[in-house]
Amino acid sequence: MAAAVKITPGDSPLIQIKFPAASRVEWTHFRGSNQTGGRIDQTAMTEEEIAEVAAIIAEAAPLPLPDAAYALWRARYRLDRLEGRPTAEEVRINRTLTPEQFTARYRRDRDEAHNGPAFIHLKRAHPGADDGAIRQAIITAVKFEGACFRHFEETDAEYWRRCVHAVALARKDYPGFLESTYQQAANDVAYYYK
């Protein structure tokens with residue numbers, strides 16, 4: 001799923017990313033490492049990194065909005081790295097945080113996910129969706145993921161069954177995702193708790 005890249009002259013090179021028609025995504029995107037003015041500036045990214053970000057977003061595009069939100073939320077660390085986050089300065093600051101400060105920052109990042117890069121990524125995957133619906137889908141995806149992890153129990157039961165059980169409990173509070181999303185959530189729980 002290669003993206004066609006067109007750079008126009010100027011300080012902020014404009015990248016026109018066109019996806020195959022099946023992906024339903026066509027978006028103009030600015031290059032750089034940080035979110036500015038509702039866009040992600042991607043000047044420090046290579047063409048390969050830009051193409052990989054585009055591929056991740058295109059993979060989420062055919063999914064319904066809530067499922068796309070979960071797919072992009074679970075890919076956030078990869079997307080962050082590709083887009084230059086955290087910056088060297090942010091890494092330096094993160095290393096000086098106490099565990100309590102780091103936990104507070106982690107919570108704030110989750111609480112504000114709908115106002116950050118996740119919004120931009122989901123808007124690229126679903127350009128016709130209402131901004132409010134996009135924000136709500138991100139909030140729901142983040143809460144669903146948290147519920148899956150919160151319901152995981154350290155017991156003597158078989159490991160995979162505990163992962164599936166955690167997602168089944170979270171599913172009661174967060175219905176409406178595709179079955180494949182619930183299966184992926186169980187895989188995520190298994191990965192993170194292993």
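Only this structure's heavy atoms are used, side chains among them; waters, hydrogens and symmetry mates stay out.
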- Which atom of I56 lies closest to which atom of R78, heavy atoms considered: CD1-CG, 3.9 Å

- Answer yes or no for K143 and Y174: cation-pi contact, defined as NZ/CZ to six-membered ring centre under 6.0 Å and angle to ring axis within 45°. no

- Check: Q183/N187 side-chain N/O donor and acceptor closer than 3.5 Å: no

- Which of R74, R110, R150 passes side-chain hydrogen bond (donor to acceptor under 3.5 Å, both in side chains) with E145? It is R110

- Message: Within the 4.5 Å heavy-atom criterion, are E154 and R162 side-chain neighbours or not?
- Response: yes

- Any sub-3.5 Å donor-acceptor pair from Y159's side-chain atoms to A190's backbone N or O? yes

- Do the side chain of E158 and the main chain of W160 share a donor and acceptor less than 3.5 angstrom apart? yes

- Tell me whether L79 is reachable from Y192 by hopping between hydrophobic residues (I, L, V, M, F, W, Y) whose side-chain heavy atoms are closer than 4.5 Å. no

- Item | R171 NZ/CZ over F177 ring centroid, <6.0 Å and within 45° of normal | no

- Do R76 and P117 have side-chain heavy atoms sitting under 4.5 Å apart? no

- Query: Where is the tightest heavy-atom contact between V167 and A185, given as atom of each residue plus distance?
  - Reply: CG2-C, 3.7 Å

- Message: So which atom in I93 and which in R105 form the shortest heavy-atom distance, rounded to 0.1 Å?
- Response: CG2-NH1, 4.0 Å

- Would you please say whether a donor-acceptor pair under 3.5 Å links the side chains of S180 and Q184? no

- Taken to the nearest 0.5 Å, the spacing of E52 CD from M45 CE works out to 8.5 Å

- Applying side-chain hydrogen bond (donor to acceptor under 3.5 Å, both in side chains), run through D188 and Y70 and close with a yes or a no. CA-CA 11 Å; D188 294 341; Y70 181 78; 2.6 Å; yes

- Rounded distance [0.5 Å steps], CZ in R92 versus CG in N94: 10.0 Å

- Test item: D173 and H151 side chains (from C-beta on) under 4.5 Å apart, heavy atoms: yes

- Query: Could you give the distance from CG (D67) to OG1 (T140), rounded to the nearest 0.5 Å?
  - Reply: 11.0 Å

- Query: Hey, does H114 have a side-chain heavy atom less than 4.5 Å from the side chain of V142?
  - Reply: no

- Using the ring-ring contact (aromatic ring centres under 6.0 Å, His included) rule, pick out the option among W73, Y182, F149 that qualifies with F144. Y182

- Which atom of A68 lies closest to which atom of L122, heavy atoms considered: CB-CD1, 3.7 Å

- Query: Between E112 and R107, is the closest basic N to carboxylate O distance under 4.0 Å?
  - Reply: no

- If you take all heavy atoms of A125 and I57, which pair is closest and at what distance? N-CG2, 3.7 Å

- Test Q101 against T96 for side-chain contact (heavy atoms from CB on, under 4.5 Å), laying out the working first. CA-CA 9 Å; Q101 291 169 323; T96 66; over 6 Å; no

- Note on the structure: Here the gap from R108 atom CZ to T103 atom OG1, rounded to the nearest 0.5 Å, amounts to 12.0 Å

- Interatomic distance, I134 atom CD1 to K123 atom NZ [nearest 0.5 angstrom]: 4.0 Å

- Task: Classify the angle between the aromatic ring planes of Y193 and F152 as parallel (below 30°), tilted (30 to 60°) or perpendicular (above 60°).
- Result: parallel

- For A69 and A137, work out which heavy atoms get closest and say how close. CB-O, 3.5 Å

- Do Y191 and Y77 share a hydrophobic cluster, counting only Ile, Leu, Val, Met, Phe, Trp and Tyr and linking them when any side-chain heavy atoms are less than 4.5 Å apart? yes

- Message: Quick check: do L178 and P64 have side-chain heavy atoms less than 4.5 Å from each other?
- Response: yes

- Message: Quick check for you: to the nearest 0.5 Å, what is the distance between D131 atom CG and Q136 atom CD?
- Response: 13.5 Å

